[in-house]
Amino acid sequence: MLKKSYYYSEDHLQIENEKIFSNTWIFACLTEELKVNSDFVTLEIGGNPIVIQNFKGELRAFQNICTHRFNKIQTQEFGRRALTCGYHCWSFDREGAPSFMPKKETFSAFKGIQAIPSEFCLKKYQVEVCGHFVFVLLNENQTIDLKSHLGEFYNKLEELSAYIGSRTHIADLPHRANWKMLIENVLECYHCSVVHKDTIYGKLGIGGLAISDIEHHQAHSSCHFPKTVKK
């Protein structure tokens, strides 16, 4: 059993951000949200702002901070626009390099050179897809690919993703706890008959029976929520 403080301690969360979220593949979004050129999704992983963007069919992930004045480039959770900062209109290409800078000739750093200095390029991250699930990896020194990371669960996630439709609703629910509280909440259905009595419990029949078929593979696990068969 975890200590109570582990669910709200900022210090403990910082350790988890460094040891877990900044060092492994993290689910980011669905391919459905990035299917058109210039579609983007933003999120925060381990306290780091990330943008994943479609560049003519190719998905790229970058730190969502302009290298000029460190403004956020994409300020919405999702949308469709070029990777252009709204502060000074710096635009970035599929490699994360500045492709347009107003009054570029006034910057001494760019005079008389052909290549863009690396310090003006966005920090790039690895991005891979499993079925319709999009994952991102922040640790540039981590060499394991997504399929190897997911192991036995790769094929299962790939198959499962085929049954997920388009986004129908999005909402924020502020909470005074970290990610572990939310994960534990969705891994049990003790509350389903009360909170979800007209949907998950009532219509789908989930929550009346105990969780079964628990599987473990390295750092991953899965379980089955049996449905109550109506007579």
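The first residue in the sequence is number 1, and the count goes up from there. Keep in mind that what you see is a predicted model, and the values were worked out from it rather than measured.
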Requested in this report: Could you walk me through whether I65 and L122 pass the side chain to side chain contact (heavy atoms under 4.5 Å, CB included) test, one step at a time?
Outcome: CA-CA 7 Å; I65 298 294; L122 300 178; over 6 Å; no
**Report entry** Audit row: Q53, R81, side chain to side chain contact (heavy atoms under 4.5 Å, CB included) steps and yes/no
**Finding:** CA-CA 9 Å; Q53 183 128 358; R81 65 185 292 272; 5.6 Å; no
Query - Trace of the side chain to side chain contact (heavy atoms under 4.5 Å, CB included) decision for N185 with E188 - result: CA-CA 6 Å; N185 186 64; E188 55 90 357; 3.8 Å; yes
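Listed by chain and residue number, R60, R94 satisfy the side-chain hydrogen bond (donor to acceptor under 3.5 Å, both in side chains) test with E58 (two or more places apart in sequence, or in another chain). For K124, the salt bridge (Lys or Arg N to Asp or Glu O under 4.0 Å) test picks out E95, with sequence neighbours left out.
Applying the ring pair (Phe, Tyr, Trp, His ring centres under 6.0 Å) rule to pairs touching residues 167-190 yields F21-W179, sequence neighbours excluded. For residues 59-88, the pairs satisfying ring pair (Phe, Tyr, Trp, His ring centres under 6.0 Å) are H68-H88, H68-W90, H68-F107, with sequence neighbours left out.
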Anything under 3.5 Å between a donor and an acceptor, one on a side chain of residues 208-223, the other on a protein residue two or more places apart or in another chain? List them.
from : atom 1 : to   : atom 2 : distance (Å)
E215 : OE1    : K156 : NZ     : 2.6
E215 : OE2    : K156 : NZ     : 3.3
H220 : NE2    : H149 : O      : 2.6

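F133 and I183 end up in different hydrophobic clusters when Ile, Leu, Val, Met, Phe, Trp and Tyr side chains are linked at under 4.5 Å. Tracing side-chain contacts under 4.5 Å through hydrophobic residues (I, L, V, M, F, W, Y), one never reaches Y125 starting from I73; they form parts of separate clusters. Tracing side-chain contacts under 4.5 Å through hydrophobic residues (I, L, V, M, F, W, Y), one never reaches L160 starting from I26; they form parts of separate clusters. F135 and I164 fall within the same hydrophobic cluster, defined by Ile, Leu, Val, Met, Phe, Trp and Tyr side-chain heavy atoms under 4.5 Å apart, directly or through other members. Linking Ile, Leu, Val, Met, Phe, Trp and Tyr whenever their side-chain heavy atoms come within less than 4.5 Å leaves V134 and L146 in two separate clusters.
Using a 4.5 Å heavy-atom threshold, the side chains of C121 and T67 count as separate. Taking the side chain as every heavy atom from C-beta outward, S5 and H12 never approach each other to under 4.5 Å. Between R80 and V36, some side-chain heavy-atom pair lies under the 4.5 Å cut-off. Taking the side chain as every heavy atom from C-beta outward, I45 and V136 approach each other to under 4.5 Å. With contacts defined as side-chain heavy-atom distances shorter than 4.5 Å, the pair F153/C130 does not qualify. The shortest side-chain heavy-atom distance between L34 and C29 falls under the 4.5 Å cut-off. Between V129 and T31 the shortest side-chain heavy-atom distance falls below 4.5 Å. Between L13 and E16 the shortest side-chain heavy-atom distance falls below 4.5 Å.
A donor and an acceptor atom, one from each side chain of Q14 and E10, are nowhere located under 3.5 Å apart. Between N48 and Q63, the side chains place a donor N or O and an acceptor N or O closer than 3.5 Å (distance only, hydrogens not considered). For the residue pair N23 and N139, a side-chain donor N or O sits within less than 3.5 Å of a side-chain acceptor on the partner. Side-chain contact, E77 with T42: no donor N or O sits under 3.5 Å from an acceptor N or O.
A pairwise comparison of heavy atoms in Y8 and R176 identifies CB-O, 4.2 Å as the closest pair.
Cluster note: Y7 groups with L2, Y6, M181 through ILVMFWY side-chain heavy atoms spaced under 4.5 Å, whether in direct contact or through intervening members.
Using a distance-only test at 3.5 Å, with no hydrogens or angles considered, a donor-acceptor pair links the side chain of Q74 to the main chain of A82.
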